[in-house]
Amino acid sequence: DGSTTEAETSVSVPGLHGDNFDEFTLGYERLLGAGTRLTVRGMYRHLRSAYLVGLDTSGIAMGTPGQGGFDFLPAPRRDYTALEIATEGAWRAVRYRASYVLSRTWGNYPGLYSSDLGFASPGTNAALQVPEQAPNSSGLLPNDRTHVVKVSAAYTFGFGLEGGAFLFAASGSPINEFAAGATFGANAPTFVVARGSAGRTPALWNLDLRLAYALPLQRGPRSRIVLDVLHVGNPRGTTLVDEMHYTTLDQNGKPASPNPQYKQPKAYQAPMGARLGIEISF
């Protein structure tokens with residue numbers, strides 16, 4: 001039945017660590033007038049280690065790539081560098097916050113969620129688990145969105161009604177050019193060009209609105225009616241494209257059978273919608 005006992009799979013490996021990272025942050029804050037705060041912050045986050053699984057001709061390796069018997073793959077790398085400029089405060093009946101982030105995410109390890117192939121796989125880097133995947137495996141990682149802007153605001157009308165809005169806009173994400181691998185085919189693709197260098201998905205934006213009315217009840221729990229209008233304007237932007245360019249290998253082991261759906265959309269933003277509800281606080 002394929003089952004195993006803990007004693008058969010549990011091994012103590014000296015010096016082995018799970019995913020962990022160092023983060024360095026330097027920031028500056030100051031008040032602008034009586035009601036506004038300005039924040040400027042720089043951040044650098046560096047992956048120190050990760051526990052992964054790989055496979056070569058000698059069998060399965062479990063541990064940290066680039067070390068010991070797992071040296072047939074490069075060490076996991078994930079570096080995040082960012083500059084954030086943010087402001088928040090209040091003006092009369094309006095509360096607001098706005099931020100802009102300029103960032104870069106670079107390496108060969110997307111993280112515990114395998115963004116390259118779109119599934120959760122802690123301990124497995126689907127785009128770097130066999131030796132043939134190592135060339136071109138370092139570059140821009142899937143969530144590298146160079147520019148991100150967020151603006152939120154809320155307004156109190158004074159008779160129990162509040163209104164709020166949240167706006168998000170971001171650069172597109174990097175696109176890979178994959179070819180089927182020799183070992184597991186499309187399940188373990190190889191990089192035809194450097195990771196994340198085959199273009200970007202379109203930029204995204206999204207606007208959500210909320211109205212909330214507090215019911216003027218004299219007794220009982222606090223209650224309010226809430227109306228949310230989501231994805232105003234129905235942008236339906238592309239969030240994911242097909243990155244598999246070549247689906248087979250020829251007799252010489254070269255990429256073959258171009259995929260006509262390469263770079264075509266596979267997922268979109270959710271459509272415009274609304275929800276009406278009541279919140280009761282005890």
Item checked: Contact check, side chains of Tyr246 and Pro258, non-hydrogen atoms, under 4.5 Å -> yes

If you group Ile, Leu, Val, Met, Phe, Trp and Tyr by side-chain heavy-atom gaps below 4.5 Å, do [X] and [Y] land in one group?
{"X": "Met62", "Y": "Phe184", "result": "yes"}
{"X": "Tyr113", "Y": "Leu52", "result": "no"}
{"X": "Tyr268", "Y": "Met272", "result": "no"}

Mind checking the [atom1]-[atom2] spacing from [X] to [Y]? Nearest 0.5 Å is all I need.
{"X": "Ser171", "Y": "His147", "atom1": "OG", "atom2": "NE2", "value": "4.5 Å"}
{"X": "Lys150", "Y": "Asn206", "atom1": "NZ", "atom2": "CG", "value": "11.5 Å"}
{"X": "Asn20", "Y": "Tyr51", "atom1": "CG", "atom2": "OH", "value": "15.0 Å"}
{"X": "His245", "Y": "Lys263", "atom1": "NE2", "atom2": "NZ", "value": "8.0 Å"}
{"X": "Asp19", "Y": "Arg78", "atom1": "CG", "atom2": "CZ", "value": "9.5 Å"}

Could you tell me which residues satisfy side chain to side chain donor-acceptor pair (under 3.5 Å) with [X], sequence neighbours excluded, listed by chain and number?
{"X": "Arg224", "answer": "Glu279"}
{"X": "Asp56", "answer": "Ser58"}
{"X": "Thr183", "answer": "Glu132"}

Mind checking salt bridge (Lys or Arg N to Asp or Glu O under 4.0 Å) for [X] and listing every partner two or more places apart, or none if nothing turns up?
{"X": "Glu29", "result": "none"}
{"X": "Glu243", "result": "none"}
{"X": "Arg275", "result": "Asp228"}

Report, as yes or no, whether the 6.0 Å neighbourhood of atom [atom1] on [X] holds more than 12 heavy atoms from other residues, nucleotides or ligands.
{"X": "Ile60", "atom1": "CD1", "answer": "no"}
{"X": "Leu32", "atom1": "CG", "answer": "yes"}
{"X": "Arg48", "atom1": "CZ", "answer": "no"}

Next item on the list: Kindly state whether the ring of Tyr44 and the ring of Tyr80 have centres lying under 6.0 angstrom apart.
Entry: no

Margin query: Please check this pair: side chain of Thr239 against backbone of Ala267, looking for a donor-acceptor N/O pair closer than 3.5 Å.
Written below: yes

Item checked: Arg45 NZ/CZ over Phe21 ring centroid, <6.0 Å and within 45° of normal -> yes

Next item on the list: Could you tell me whether Asp79 and Arg77 make a salt bridge, using a distance below 4.0 angstrom between a side-chain N and a carboxylate O?
Entry: yes

Checklist line | Asp144 with Arg200: basic N within carboxylate O range, under 4.0 Å | finding: yes

